[in-house]
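Everything below concerns the one structure shown next.
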Amino acid sequence: MSRYNPKEAEPKWQARWKAAGAFTADASGGKPKYYVLEMFPYPSGRIHIGHVRNYAMGDVIARYKKAAGFNVLHPMGWDAFGMPAENAAMQTGSHPRDWTYSNIDIMRGQLKQMGLSIDWSREFATCDPEYYVHQQRLFLAFWKQGFAYRKESLVNWDPVDNTVLANEQVIDGKGWRSGAVVERRKLSQWFLKITDAADDLLAALDDGRMAGWPDNVRTMQRNWIGRSNGLAMKFRFAAATSSEEGADNNAPPPEFEDGIEIFTTRPDTLFGASFIAIAPDHPLATHFAQSDSGLRDFISDCQKLGTSEEAIEKAEKRGYKLQVEMAHPFDDRRLPVYVANFVLMQYGTGAIFGCPSGDQRDLDFARKYRLAIPPVVLPPEADPVTFTIEAEAYVGPGTLFNSGFLDGMTTEDAIAAATAKIEEMGLGKEVTQYRLRDWGVSRQRYWGCPIPAIHCDKCGIVAVPEADLPVKLPAEADFSEPGNPLDRHPTWKHVNCPECGAKARRETDTFDTFVDSSWYFARFAAPDPDKPIDKGAADYWLPVDQYIGGVEHAILHLLYARYFTRMMKACGYLSVDEPFANLFTQGMVVHETYKNPYGGWGPADNVVIEKIKSDSQLRPHDVRTFVLDYATGQKTNIEVQTTSAERLGWMCKAVMDAVEHEYFIDYCEQTAKLSAFVLDRESGSPYIIGPIEKMSKSKKNVVSPEAIAETYGADAARWFMLSDSPPERDVEWTDAGVEGAWKLINRIWDAVSSSEGLLKTVDLNNPAAGDADKPLRQTTHGAIAGITDDIENFRFNKAIARIYEFLNVLKSTSGAGDWARAEALSTLTQLVAPFTPHLAEECWETLGGEGLVCNAPWPKADPGLLARDKIVLGVQVNGKRRSEIEVAADADNAAVEKAALSDAGVKRHIDGKTIRKVVVVPGRIVNIVVS
RNA sequence: GCGGACGUGGUGGAAUUGGUAUACACAACAGACUUAAAAUCUGUCGGGAGUAAUCCCAUGCGGGUUCAAGUCCCGCCGUCCGCACCA
């Protein structure tokens, strides 16, 4: 019996599939369609094991659906524009185009090696002019429809490199390359009006259009859109008191004469207001800064945080008090006005009133600046005399007090009453507000799709005429320095205005790469050389029936794609609102990271693990490390959570010394992360094992599937990535375990290869099975039912466990005849086919199956073989399992109760006690309550 | 900081969605086969007590609801993801 040889079998079957056109999408035959799509990869260089997991999942679904009788579309392409190509160009001098396309070539080869059931005829990269020309067409259509506009917005500006920085390029407020403190700078940029669609994007989350999406993603999008009803109202300036000096300087500018507009969702707490706060980039702050150098310094400090909301919100709450005061609308208090770093200009009106008793941030702020903290909402059951606000604000509902005309009202009533009062006073009105902001699509970079617009001094901003598309990137550009190569290109931007013919300039911004990925699924479904989308084909294939990708895309990519779909529908390209009927978000593949003493990262695939002296079952976080001073006996703990290079160096040294002296390990109930280190295979230099993180090139913790495929074949790699861990959870890559997949492949091959030609000797359509075959047939049909259900519900790890169980039974069963064995083996082959397709074809051929197994219809379970006549029930006494009984599957409760009470193991626990109650849950359990 | 998830043996995890906790696999250990190794096969494998039958404890920690809680509720702790210019 020959051993299964994936090196021969895998290329052979890949060639046969290709020759048979097995995975070419076909809309004919009147079959239902099924569009499976995995988020397409960024061509970073090589496929990593995380990609394999993602695409193996999609492939299981695609192959299963094909077998289940669907016309399947399963395409692949490349999200090919983006910063890494441009960074590589800066570092190595290679052109982004060359870098990208050569990566694509490598990665395409790697994906093909995995034996995915992809229709490669539809492949494209978003950086192909044949793709982005249509993106430019779409944009012009959107612009015409009024979905696109320009406005000023803030960017991170590196004053040394003179370039715009992405948020990820701002590290601790400094530019990653130059180290210069970043500034915020205003640029005029292109925006798409996603806020116009906010209501529908929100409504679709809950009205059934997105029933196939996971709840957590819908919740995240709902929160991201952040619709809230509130009150937009003005606080008027309080008259300057005579004691104030320089009152002239503190006069508000004319546009703010009637006050500062704030937005609040809690107008009921107005009586608890103790200050007004405005954003550092609020026009009023800018105005007062002209005559106040202290304020200028404060604002510029705030701007050093960059533009990311995370950095702003995490920063310590700080404020700068202005010389003006606002009048409280309901009483005669005067409220101080602060410019505060935690107020966001993008949200609401860029100004708030602070109610310290009802908002934690306001409370922290009030404590810091010693402002009043009047409690105004009394929690249910609290005593108004003794109730005080200590460390925590009370944000829940309650009854209003200390609040004038609102006293005694519930939170809900008080919100309505306060809103009505403010409206009556003419100070404001109820408004709906979104957290969602319009989508800024401008990027000041070369490697993106050019925005097809021309700036003319006379005509303003003019669309590039349809006939002049595509606006192609210039073939050559200068990448030797930071900044936008398109802007400094000697010729590219100089064009004549398409309207007046005068000299004009091209738009040098390119599109955000999220634009590229917001419609690729439609292009896959309906390519057309002359139009973005072939409507007929799009109507057949869309929406995507199953979309698969990482949770990290839960908000931005998915929300933008949903919005784009709406815009395309509005412009007549599509007929659907929602692009993805069902969404599955898979977990990431993570790996240990290795840090060297100088703070750099070590390679994950080139290290020898040197476990520190340990007893056999040492767990990584059970260990504490310390250095022992021999003279004093003093132990010094080694801290491991650090990023400082010096500290890491010291640690590494300490560990190395300690290995020699074997003195340094102690079990510890405290968490410590360091238990082992690794050595670089080549240099021998030690690395600390750092945190387990998402695989990324920069951290070098990427594991290549190639090596696995080389040794064990693509099937083993695919099988291993899907076994064990539930698909939605992160999985930590370990080398152990692939061997297990390889063993399984051989066990299946072993089971099948000894029955060569068996399918030719029996007629599976004509059952010839006796009583002796029943146990095996029950197992076979149980496996069909279970595995089908598991695949349908993305429980691949469970499906795989069931395949193991099926195989274990199959191997240990001896009594069954040829017919039942043939049924079991052919079923096994078909059930593993979505997971290990090459092996399955080889098995199918060996067994004598007809044609390709990938074309064979999915097996159906016989319900008659799924039922059991006897079942085993657990019996509990007072909730503790004490015994089990076997009863007929259709036994009634009385019979079950009787059997339970007479069971010896149960009697021991109930004798001499009073039976209070017997709970019989049919088919599940019996619980006897005694006292 | 805000939003979303997750936490079960040495490890990945299963638990029919409130009903026999630890399926299946990895690792480890023991044995068979072998001149030997690899491969393969068989067995053991949460902790503790006991010759054994069996009993006690255990699903991050602390409470609660229930005949019954890994699952539901409240409060903590820890880890991960996203936060609008990474893709």
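Order of the sequence lines sets the chain letters (A, B, ...), proteins ahead of strands, with each chain counted from 1. A quick note: this is a predicted structure, and the numbers were derived from the prediction, not measured.
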Report summary line: Against the side chain of A:F514, the closest entry in B:A87, B:C86, B:U20 is B:A87
Report task. Output the single nucleotide from B:G19, B:A15, B:A25 whose closest atom is nearest the side chain of A:N808. Result -> B:A25
Query - Beyond-backbone contact of A:L828 with A:F806, side-chain heavy atoms, under 4.5 angstrom - result: yes
Query raised in the report: Looking for any heavy atom pair under 4.0 Å, which part of the strands does A:W439 touch: base, sugar-phosphate only, or nothing?
Result: nothing
Query - Same-atom distance (P) from B:U54 to B:C33, integer angstrom - result: 34 Å
Query raised in the report: Which dot-bracket string describes RNA chain B (Watson-Crick N1-N3 plus N6-O4 or O6-N4, or G-U N1-O2 and O6-N3, all under 3.5 Å; [ ] crossing; | other strand)?
Result: (((((((..(((......[....))).(((((.......))))).((((....))))..(((((..]....))))))))))))....
Report task. Using a strict cut-off of less than 4.0 Å between a Lys/Arg side-chain nitrogen and an Asp/Glu carboxylate oxygen, indicate whether A:R802 and A:D790 qualify as a salt bridge. Result -> yes
Requested in this report: Mark yes or no for a side-chain to base donor-acceptor pair under 3.5 Å between A:Q444 and B:C85, with no hydrogen or angle criteria applied.
Outcome: yes
Requested in this report: Looking at every strand, decide which applies to A:V875 at a 4.0 Å heavy-atom threshold: base, sugar-phosphate, or nothing.
Outcome: nothing
Query raised in the report: Per the atom types in the model, does the base of B:C83 pair as donor or acceptor with the side chain of A:E310 at under 3.5 Å?
Result: yes
Query raised in the report: Can a donor-acceptor pair be found between the side chains of A:T510 and A:R445 at a distance below 3.5 Å?
Result: no
Requested in this report: Mind checking A:H557 for me? I need base, sugar-phosphate or nothing, with any heavy atom below 4.0 Å counting as a touch.
Outcome: nothing
Query raised in the report: Has A:K917 got a side-chain N or O lying under 4.0 Å from the OP1 or OP2 atom of B:A68?
Result: no
Query - Straight-line distance of A:T307 OG1 to A:N167 CG, nearest 0.5 Å - result: 4.0 Å
**Report entry** Beyond-backbone contact of A:M83 with A:W447, side-chain heavy atoms, under 4.5 angstrom
**Finding:** no
Query raised in the report: Under 3.5 Å, is there a donor-acceptor pair between the A:Q360 and A:D364 side chains?
Result: yes
Requested in this report: Answer with yes or no whether A:R445 presents, from its side chain, a donor or acceptor under 3.5 Å of a partner atom in the base of B:C85.
Outcome: yes
Report task. Report yes or no: is the cationic atom of A:R184 (NZ for Lys, CZ for Arg) under 6.0 Å from the centre of the six-membered ring of A:W157, at an angle within 45° of the ring normal? Result -> no
Output one line per pair: protein atom, nucleotide atom from nucleotides 4-6 of chain B, and distance, for all N/O pairs under 3.5 Å.
none

Report task. Determine the contact category for A:G440: base if any of its heavy atoms lies under 4.0 Å from a base atom, sugar-phosphate if only primed atoms, P, OP1 or OP2 are that close, otherwise nothing. Result -> sugar-phosphate
Query raised in the report: Base, sugar-phosphate, or nothing: which does A:V929 touch, judged by heavy atoms less than 4.0 Å apart?
Result: sugar-phosphate
Query raised in the report: Any side-chain heavy atom of A:M76 within less than 4.5 Å of one from A:Y55?
Result: yes
Query - Closest to side chain of A:R437, choosing from B:A84, B:A68, B:G13 - result: B:A84
Requested in this report: For B:C86, take OP1 and OP2 only and decide whether either is under 4.0 Å from a side-chain N or O of A:N167.
Outcome: no
Report summary line: 5'-most contact on RNA chain B (nearest-nucleotide basis), A:R361 vs A:D512, goes to A:R361
Requested in this report: From the options A:Q189, A:R185, A:K186, select the one residue that forms a side chain to side chain donor-acceptor pair (under 3.5 Å) with A:S153.
Outcome: A:Q189
Query raised in the report: Out of B:C86, B:A68, B:A23, which nucleotide sits closest to the side chain of A:A166?
Result: B:C86
Query raised in the report: Within the structure shown, what part of the strands sits under 4.0 Å from A:I928 by heavy-atom distance: base, sugar-phosphate, or nothing?
Result: nothing
Report task. State whether a side-chain donor-acceptor pair under 3.5 Å links A:D438 with A:T195. Result -> yes
Requested in this report: Could you work out the separation of B:C80 and B:G12 based on their P atoms and round it to a whole Å?
Outcome: 15 Å
**Report entry** Per-nucleotide protein contact string for nucleotides 37-54 of chain B (B base, S sugar-phosphate only, - none; heavy atom under 4.0 Å)
**Finding:** --SSS------------S
Report summary line: Ranking B:G1, B:A23, B:C83 by distance to the side chain of A:E313, first place goes to B:G1
Query raised in the report: Base, sugar-phosphate, or nothing: which does A:V155 touch, judged by heavy atoms less than 4.0 Å apart?
Result: base
Query - Partner of A:W439 under ring-ring contact (aromatic ring centres under 6.0 Å, His included), chosen from A:F514, A:W190, A:F191, A:Y560 - result: A:Y560
Report summary line: Of the candidates B:A14, B:C83, B:C24, the side chain of A:A801 sits closest to B:C24
Query raised in the report: A:K880 side chain: which of B:C56, B:C67, B:A84 is closest?
Result: B:C56
Query raised in the report: Is B:U59 in the syn or the anti form, by the rule that syn lies within 90° of 0?
Result: anti
Report summary line: The glycosidic conformation of B:G60, counting syn as within 90° of 0 and anti otherwise, is anti
Report summary line: Looking only at B:A15, B:U20, B:A84, the nucleotide nearest the A:K798 side chain is B:A15
**Report entry** Inter-nucleotide C1' distance (B:A38, B:A32), Å rounded
**Finding:** 16 Å
Query raised in the report: More 5' along RNA chain B: A:R802 or A:S308, using each one's nearest nucleotide?
Result: A:R802
Query raised in the report: Would you call A:K811 and A:D750 a salt bridge, taking side-chain N to carboxylate O under 4.0 Å as the test?
Result: yes
Requested in this report: Determine the contact category for A:S723: base if any of its heavy atoms lies under 4.0 Å from a base atom, sugar-phosphate if only primed atoms, P, OP1 or OP2 are that close, otherwise nothing.
Outcome: nothing
Query raised in the report: Do A:Q189 and B:C85 share a donor-acceptor pair, side chain to base, under 3.5 Å?
Result: yes
Report task. Assign A:P726 to base, sugar-phosphate, or nothing according to its heavy-atom contacts below 4.0 angstrom with the strands shown. Result -> sugar-phosphate
Query - Whole-Å distance separating the CD1 atom of A:I555 from the C1' atom of B:C81 - result: 10 Å
Query raised in the report: Of the candidate nucleotides B:A87, B:C83, B:C24, which contains the atom at the shortest distance from the side chain of A:E309?
Result: B:C83
